[in-house]
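For the single chain, residues carry numbers from 1 onward in sequence order.
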Amino acid sequence: EVGERNVMVRPLEENMTVTEDFSRVENTYQMEAEVCIVFSDFGKMQNVCNLLIEKLGTSVTISPPHFYHTPEAIDTLRRQVCVAAVGNTQQKAQEVCRLFGQSLGKPLLIREEETKEWGGHIDSPLSNSPGSLTLQERIQNATAYASCRVFAVFEIKGKENRRNNHGKLNMQCVHF
C-alpha cells in the first residue's frame, strides 16, 4: 500500500517554529515534530533542553546549538562599546582634573576614531560533526568582541568659577 505524507510548518511564537510531519505507511500513522527555537540566553537554552530530555526521555533528540549573531545584536555591541569608551574617557579626564585641583566641564568635542570587531564566527555545518570542536570551543569561536577608540576634548574649570579660568583637556581612550 502506498504511504501518504502531510507536512505542516507553523510559527508558535516569535522565536519558535514547529514543523510537523504526519505520514501513513500501510495501516500505521507516524507523527514527527521538529521544534526550532531561537535563544539569546545560553543558560535558558540549556535549561529548556534539560527539561525536554527529563520529560520526554529517549523520544526526543536535541541537536547541537547553532551559534550566530543578528545584525541588530552586532550594532548594539558597537554602540555599547562606544558609549563605554566615552564614559571611560570622561572618568579619566575627571581624575586628571582632580589631580591638578581642577574640575571637569562639559565636553567640547567627542569623536569616534576607530572601531574594531573580531570573533563572532558563524557555525558551519561541519562544526556539528563528531570529533570536531567541543561546545566550549564553539561558544568561544562564536563570541563577538569589539573595541572603540574615541577622542574627546573637555572644558576645564578652575576651583573658582571665573570666566577667564577655563582651559581644555584632550583625552583619548580605547575600550574593549
Side-chain angles (χ1 to χ4, degrees), residues 11-17 35-53 62-129 131-176:
L12 272 183
E13 294 178 22
E14 182 181 340
N15 295 324
M16 184 185 311
T17 305
V35 179
C36 181
I37 306 173
V38 177
F39 287 95
S40 58
D41 180 334
F42 186 74
K44 193 177 203 179
M45 181 209 67
Q46 285 183 311
N47 290 340
V48 169
C49 290
N50 291 339
L51 179 69
L52 288 171
I53 290 170
I62 297 180
S63 302
H66 173 74
F67 299 109
Y68 69 96
H69 299 284
T70 63
E72 296 83 12
I74 296 296
D75 286 343
T76 299
L77 175 64
R78 283 187 203 114
R79 279 192 306 279
Q80 288 173 340
V81 168
C82 182
V83 168
V86 170
N88 287 348
T89 303
Q90 182 182 22
Q91 184 178 4
K92 285 182 180 182
Q94 283 177 326
E95 290 172 13
V96 169
C97 284
R98 269 195 297 268
L99 187 66
F100 292 107
Q102 306 292 312
S103 63
L104 189 65
K106 65 183 180 190
L108 302 174
L109 170 71
I110 298 175
R111 182 175 57 232
E112 183 177 349
E113 296 210 323
E114 181 181 46
T115 300
K116 290 182 183 175
E117 299 165 24
W118 63 97
H121 303 294
I122 296 174
D123 273 347
S124 69
L126 296 176
S127 62
N128 291 335
S129 62
S132 64
L133 299 175
T134 66
L135 181 61
Q136 200 62 35
E137 290 169 329
R138 289 178 54 225
I139 291 170
Q140 187 174 352
N141 286 346
T143 302
Y145 301 92
S147 72
C148 180
R149 187 174 71 212
V150 297
F151 175 80
V153 178
F154 293 94
E155 180 181 56
I156 297 178
K157 298 179 181 176
K159 285 290 183 190
E160 305 156 12
N161 287 331
R162 293 185 198 144
R163 280 241 181 251
N164 60 357
N165 203 12
H166 290 338
K168 288 183 187 176
L169 175 63
N170 298 342
M171 292 292 295
Q172 190 165 350
C173 186
V174 177
H175 182 76
F176 291 94

Under the side chain to side chain donor-acceptor pair (under 3.5 Å) test, which residues partner [X], sequence neighbours left out?
| X | result |
| --- | --- |
| Q91 | none |
| T134 | E137 |
| Q46 | none |
| D75 | R78 |

What pair of heavy atoms forms the shortest contact from [X] to [Y], and how long is it?
| X | Y | answer |
| --- | --- | --- |
| I62 | I53 | CD1-CG1, 3.5 Å |
| L104 | Q90 | CD2-O, 3.7 Å |
| F154 | A93 | CD1-CB, 3.8 Å |
| G105 | K157 | CA-CE, 4.0 Å |

Mind telling me whether F42 and F67 have parallel, tilted or perpendicular rings, with 30° and 60° as the class edges? tilted

Just verifying a value: how many Å separate [X] [atom1] and [Y] [atom2], rounded to the nearest 0.5 Å?
| X | Y | atom1 | atom2 | answer |
| --- | --- | --- | --- | --- |
| F151 | I110 | CZ | CD1 | 11.0 Å |
| C148 | N88 | SG | CG | 10.5 Å |
| R98 | E95 | CZ | CD | 6.0 Å |
| N141 | Q136 | CG | CD | 11.0 Å |
| S103 | E155 | OG | CD | 9.0 Å |

Without swapping roles, check the side chain of T17 against the backbone of C36 for a donor-acceptor pair under 3.5 Å. no

Does the side chain of [X] reach to within under 4.5 Å of the side chain of [Y], using non-hydrogen atoms?
| X | Y | answer |
| --- | --- | --- |
| I139 | P65 | no |
| F39 | V48 | yes |
| T115 | C82 | no |

Whether over 12 other heavy atoms sit under 6.0 Å from Q140 CD: no

E114: partners by salt bridge (charged side-chain N to carboxylate O under 4.0 Å, His left out), with sequence neighbours left out: R149

List for me each residue that meets salt bridge (charged side-chain N to carboxylate O under 4.0 Å, His left out) alongside R79, sequence neighbours excluded, and say none if there are none. none

